[in-house]
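The structure appears right after this line, and notes come after that.
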Amino acid sequence: MRTSLVTLSKFISFVLRHQPESVGLTPDAGGWVAIDDLIAAAQQQGVPLDRAVLDAIVAQNDKQRFAVSDDGLRIRANQGHSFPVDLDLAPLTPPEFLYHGTATRFLESIREQGLRPGSRQQVHLSSNEITATAVGQRHGKPVVLTVLAGHMFQDGFLFYRSANGVWLTDAVPAAYLRFPA
Ligand code: HQG
């Protein structure tokens with residue numbers, strides 16, 4: 001993706017996941033906004049977004065962060081929201097193990113409290129350690145925790161998978177975490 005598309009993608013991420021009201025948009029319960037409204041709001045801020053560029057961003061986004069509705073009229077972020085949104089995902093049986101990438105500086109707190117969603121709606125988990133390492137690196141020296149997802153599921157915890165393959169759950173108590181030695 002070209003740099004300009006990355007910059008525009010970050011703008012769209014910020015609006016759709018975190019602060020739609022900052023550009024005068026009100027997503028519906030599912031987090032969807034009209035693409036025409038998003039483009040108009042962006043242009044009003046001097047952000048050079050048009051439909052062709054938006055389609056390119058949706059198609060080329062490295063993590064498939066955005067989804068366009070079947071009728072082509074609306075867009076939403078696939079995950080990562082900090083405001084309440086009903087992604088309408090069906091609970092799924094998770095694999096036996098999932099992974100969470102974090103930074104070493106958070107370990108003490110995670111040992112005490114388990115994984116908490118923080119400013120997001122749910123805890124984000126990866127299906128493989130490579131992705132988890134990349135996620136953890138965003139916060140500092142990365143460390144990958146193993147989540148005993150199969151045990152959690154047996155114990156009644158619900159798991160979901162976003163349209164772009166991120167596993168989501170409300171929280172992970174410390175008892176279901178394995179920390180590296
Ligand atoms: C940590 C990116 C202290 C948690 C990624 C993480 C992901 C705790 C940080 C998506 C804690 C929250 C989400 C506790 C959790 N005490 N720290 N009890 N529980 N933490 O960014 O999972 O590129 O909100 O370990 O790829 O890092 O934006 O969550 O380090 O999929 O599309 O608190 O964001 O995707 O950080 O990342 P975040 P995350 P995008």
Side-chain angles (χ1 to χ4, degrees), residues 1-20 22-23 27 30-33 38 47 49 54 56-68 75-87 89 92 94-95 97-149 151-152 157-180:
M1 201 188 291
R2 294 197 312 269
T3 310
S4 57
L5 289 193
V6 171
T7 304
L8 289 168
S9 172
K10 286 188 174 167
F11 169 83
I12 296 173
S13 241
F14 173 76
V15 169
L16 294 181
R17 285 171 162 180
H18 303 302
Q19 294 205 12
S22 69
V23 296
W32 297 97
V33 304
L38 174 62
V47 176
L49 190 65
L54 181 140
I57 288 168
V58 172
Q60 294 174 32
N61 191 269
D62 57 351
K63 289 194 193 163
Q64 297 293 305
R65 289 184 179 85
F66 312 111
V68 169
I75 185 170
R76 75 172 174 185
N78 280 323
Q79 37 72 224
H81 301 79
S82 53
F83 58 87
V85 49
D86 180 7
L87 292 174
L89 300 172
L92 287 180
F97 301 112
L98 285 168
Y99 303 92
H100 179 82
T102 188
T104 50
R105 64 194 166 100
F106 296 142
L107 283 178
E108 199 181 319
S109 167
I110 293 173
R111 282 183 199 275
E112 280 171 16
Q113 305 177 345
L115 293 175
R116 300 237 176 129
S119 63
R120 306 201 192 236
Q121 293 296 300
Q122 291 182 304
V123 172
H124 289 217
L125 305 172
S126 310
S127 58
N128 65 78
E129 296 179 68
I130 293 171
T131 306
T133 303
V135 172
Q137 217 141 28
R138 293 159 47 254
H139 299 288
K141 189 174 177 216
V143 54
V144 174
L145 311 181
T146 302
V147 176
L148 307 183
H151 285 183
M152 284 181 71
F157 290 84
L158 295 179
F159 286 81
Y160 305 87
R161 194 174 54 208
S162 69
N164 58 341
V166 176
W167 283 89
L168 305 167
T169 194
D170 288 342
V172 179
Y176 297 100
L177 289 171
R178 263 196 211 143
F179 295 82

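Indexing begins at 1, ligand by ligand and atom by atom, following the structure's order.
For I130, the CD1 atom is loosely surrounded, since the number of other residues' heavy atoms within 6.0 Å does not exceed 12. In this structure, H139 places its NE2 atom where more than 12 heavy-atom neighbours from other residues, nucleotides or ligands lie under 6.0 Å away.
With a 4.0 Å cut-off on non-hydrogen atoms, H100 touches ligand 1 through its side chain and not its backbone.
Counting the atoms of ligand 1 from 1 in the order shown, those under 4.0 Å from a heavy atom of Q113 are 14 (C), 16 (N), 18 (N). Applying the 4.0 Å criterion to heavy atoms of R65 picks out, from ligand 1, the atoms 23 (O), 32 (O), 40 (P). Short contacts between ligand 1 and R17, defined as distances under 4.0 Å to a heavy atom of the residue, involve ligand atoms 28 (O), 32 (O), 40 (P).
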| field | Test log, rule side-chain contact (heavy atoms from CB on, under 4.5 Å), inputs Q113 and R116 | value | CA-CA 7 Å; Q113 305 177 345; R116 300 237 176 129; 3.9 Å; yes
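A cation-pi arrangement, defined by a distance under 6.0 Å to the six-membered ring centre and an angle within 45 degrees of its axis, is present between R111 and F179.
Judged by distance alone, the side chains of N61 and S9 do bring a donor and an acceptor atom under 3.5 Å apart.
Scanning the protein for heavy atoms near atom 6 (C) of ligand 1, the closest one is H139 NE2, 3.8 Å. Among protein heavy atoms, the minimum distance from atom 37 (O) of ligand 1 is reached at R138 NH1, 3.3 Å. Considering only non-hydrogen protein atoms, atom 10 (C) of ligand 1 sits nearest to H124 ND1, 3.2 Å. For atom 11 (C) of ligand 1, the closest heavy atom belonging to the protein is I110 CG1, 3.5 Å. Of the protein's non-hydrogen atoms, G114 O, 2.8 Å is the one closest to atom 18 (N) of ligand 1. Among all non-hydrogen protein atoms, the one lying nearest atom 24 (O) of ligand 1 is R120 NE, 2.8 Å. Taking atom 15 (C) of ligand 1 as the reference point, the nearest protein heavy-atom neighbour is R116 O, 3.4 Å. Of all protein heavy atoms, the one lying nearest to atom 26 (O) of ligand 1 is K63 NZ, 2.5 Å.
To the nearest 0.5 Å, atoms OG1 (T146) and CG (L98) are separated by 9.5 Å. Put simply, CZ on F159 and CG on L168 are 10.0 Å apart, with the number rounded to the nearest 0.5 Å. Taking CZ from F83 and OG from S119, the interatomic distance works out to 12.5 Å, rounded to the nearest 0.5 Å.
For atom 16 (N) of ligand 1, the nearest non-hydrogen atom from the set S109, G140, A77, S82 belongs to S109.
Taking 4.5 Å as the limit, some side-chain heavy atom of V47 sits within range of a side-chain heavy atom of L8.
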